[in-house]
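Being a predicted model, the structure only gives us computed values, none of them experimental.
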Amino acid sequence: MIDKFRTDPAVALAPIPSGSCIAVGGFGSSGRPDTLLDALCDLDRRDLHVVVNNVGSDFTGIGRLLAEGRIRRLTASFPVLPEFYDVYFAGNVELELIPQGTLAERLRAGGAGIPAFYTPSGAGTMLADGTFPLGYDASGDVAACMPERERREFGGREHVLEYGIVADFALVKACQGDRRGNLRFRLSARNFNPLAAMSGRYTFAEVEHVVEAGELGPDDIHLPGVFVDEVLLASAESPRQPAYSVIPGATS
Amino acid sequence: MIDKFRTDPAVALAPIPSGSCIAVGGFGSSGRPDTLLDALCDLDRRDLHVVVNNVGSDFTGIGRLLAEGRIRRLTASFPVLPEFYDVYFAGNVELELIPQGTLAERLRAGGAGIPAFYTPSGAGTMLADGTFPLGYDASGDVAACMPERERREFGGREHVLEYGIVADFALVKACQGDRRGNLRFRLSARNFNPLAAMSGRYTFAEVEHVVEAGELGPDDIHLPGVFVDEVLLASAESPRQPAYSVIPGATS
Amino acid sequence: MTQATAPVAVGGRSRDGIAARLAADLKDGYVVNLGVGIPLLIPKHIPAGVEVILHAENGVFGLGPPAPAGQEDPDLTDAGKQPVTLITGAAIVDSAMSFAVVRGGHLDVTVLGALQVSARGDLANWYVPGKNPAVGGAMDLVAGAREVWATMEHVDRAGRPKIVPECTFPLTGCGVVTRVYTDLAVFHVIDGQLVLKECAPGVDPDVIRERTAASYVEDLG
Amino acid sequence: MTQATAPVAVGGRSRDGIAARLAADLKDGYVVNLGVGIPLLIPKHIPAGVEVILHAENGVFGLGPPAPAGQEDPDLTDAGKQPVTLITGAAIVDSAMSFAVVRGGHLDVTVLGALQVSARGDLANWYVPGKNPAVGGAMDLVAGAREVWATMEHVDRAGRPKIVPECTFPLTGCGVVTRVYTDLAVFHVIDGQLVLKECAPGVDPDVIRERTAASYVEDLG
């Protein structure tokens, strides 16, 4: 019988070695797998390449990984946290800055067996022309730049070649999950979670609610269990959500 | 107020000219927009480039377009209908034969602003090397072949370059739709419908059930209304579905 | 801070006035993405009877007003991570689908703040060198939306023109801007050329000319 | 039809026997796509206690048995357009996601019928020149699945070997086959080289050699 449920995050994540590339879901703290990120910190993993849309605004979640010096490279669109930049400019972490839509598409592509695709996003900018500093050295000079993107015209317009991202592992969060790994997300906490899950060669999902197989209808599953390897219950410390508001008839 | 509901298929589809490229949802007769396809035939449109996974097994739906000689080119993975091949070998319709996964991805890519992507599917086969007959002449000789695909290695493996498909129009079928064009599909009738809808510059959806805005929860919409321009009620002649069977505990 | 070098007041629109002027150009049924700054003032100025679907790049189609105090839901935020509400009939998608909409040309308008706009519609709005770089969805939005409307003060706090022959700040996109709404004027970009379409009430075309570094055509008909 | 040239019977497995032998190699938790022909005989032979998720390329993860008479649902078919059922906890996706799973290497095994398999694991199974061409998902499946298991009679109806030095029929994929299950034998493809791993009960290795045109290594340990 297929049973992807696991109970102990420390045991589950133990096979993740230092140095891994890890795709993480969430947009700020919304839909971020804090239970798994905390377990990774507690396991003292270091030298990580973290692929995530943003760091968030405090020292929880990705911010904790950063504060504890566990990140070697961040691939993101919107780091935000000022302390991240201190570490970046000091030469202690690399930043691969990627347009948000390109990042989402690269994660999906990696999971979908598409090694590369062309996009107009970023064409003609310093995120494509090889001048954006990937990292600094200790004296504050640029040590390396992000690679220049291959360019090609389609329909008379310049596009850049972007590569699919296949992460060694993925950490994601969902609202509900069953023993087969089928996941359902809630509202805008969905965001990058299905894409990070697709990108991971081995994917861990924390869920707010463990459900029986069949409780999620076949048309109500946002991500089929084939992309998920292990399912854990989110820590009770994770914030629980109240009912969201629909403003009837409001248009803005 | 946004109201994408239309009542008369003949009036709605009248702006589709002969010669158009039309993406159509469905897998065989499952999820195929027969109400819209019948309207297109009744409007006597001809010389169409139809992008659809398969023709089906009879002269309804795509089969009717074919029987009435309205198709100039078919882009598909699995034509099936023997009469299609009679017309193909007689030089009266072109066939662009595409691996099914590539076809799905090309429709999605066209709708997603990805002009081209690389895939391993079809690499090293006659669907990629420029030898598959696109069409025949009246004497039964090959008049033209499908273009040879650009090749490129990624990870030591050969891939081919495939282009996004942007169709002039799309015809799709859903189970439910609201006035904003939000759609929800039912079971395996979903198939190519969301992708055809994305690919269309202008998309018509026929739905089995018209619902109020808000009746479909925000997490229960399979395709956001932004991809849909007009929504029509499927003809009552379309088959209605009984409840499907779940075999508890069955594993095969 | 820079009072000594601040520009002489010449009238023109307030930030709310810019938002209201732009909102008047939104059409019923438009799907619109709003950036931070002046764009966030737009919703309250959308004309009655005009239904606009507001898109948040984190996957919301149909943003409502900010969440009332005490009803914030951590699972429902906008692209600025602020708790929001939904309109009836809103749809949620994942980030790849959100940007499939954007990149695929299914967004009618994206309204963005700008550091600079060039004579041919180049946009710089994501990065001030020396500060902390972050791009978010800006490059996807300008590459994909059918219309890119830049909103900004006509000159910066030091009085320097922000509509310039060539952007000196790093570009967000090349030739992407289709309209510019400032406190002084409305420009359209037509065939790669800036065209002055409107002066704000009480603002003389000469005032615009002296505060605009880029060349442009006048079409105030 | 071709009785006159039919091969001499040499024992070996029936079609159901091939399916049962292959089914014994499926592991608990595998996600498996089954083609038409012999592969469709596999479900009834899956060992007790082994839970396998059957994938249909039209977007089903968790196919159940064919729909009972009178309970067919036109909205629920398999890739062969036959009415099916779902197992408890099945998931439905669209065709792009269905093939994202396939192409992305998330399918454990695809089991396909074959016209020919070459010495290095090339597969031909989609098209007999002169007949009606249709490809479906075959090229995606062989390109993407972790394992590609070909099932077929060892020789064709005329007695000609189907395991050949080079495929003469048009290829479905190059070097994609990882195992071959026939009425006579089980081969694995290891480092681009066919390896005979098993003879069917009562079948002598010499019989396999004379009915196999491709060179291969024997590893019957």
Verdict with supporting geometry, D/T88 and A/E212, side chain to side chain contact (heavy atoms under 4.5 Å, CB included): CA-CA 9 Å; D/T88 306; A/E212 293 289 318; over 6 Å; no
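Two residues are said to be in side-chain contact when any heavy atoms from C-beta on lie closer than 4.5 Å; A/R179 and D/E51 meet this criterion. For the pair D/H106 and A/T203, the minimum side-chain heavy-atom distance is 4.5 Å or more. At a threshold of 4.5 Å between non-hydrogen side-chain atoms, the residues D/I53 and A/V226 do not count as touching.
When all heavy atoms of A/N182 and D/A91 are compared, the closest pair comes out as OD1-CB, 3.7 Å. Taking all atoms of both residues into account, the shortest heavy-atom contact from A/P218 to D/L86 is CG-CD1, 3.8 Å. Here the shortest heavy-atom pairing between A/R108 and D/A96 reads NH2-CB, 4.1 Å.
Residue contact with chain A, scored on non-hydrogen atoms closer than 4.5 Å, involves the side chain of D/V31 exclusively. No part of D/A143 comes within reach of chain A, as not one of its non-hydrogen atoms sits under 4.5 angstrom from that chain.
Within 6.0 Å of the CZ atom in A/R201, the count of heavy atoms belonging to other residues, nucleotides or ligands does not exceed 12. A/R157 CZ: more than 12 foreign heavy atoms inside a 6.0 Å radius.
For chain A, the option among D/G105, D/G49, D/A90, D/G144 with the highest count of heavy-atom pairs below 4.5 Å is D/A90. Top candidate by heavy-atom pairs under 4.5 Å with chain D, chosen from A/G225, A/G164, A/G214, A/A109, is A/G214.
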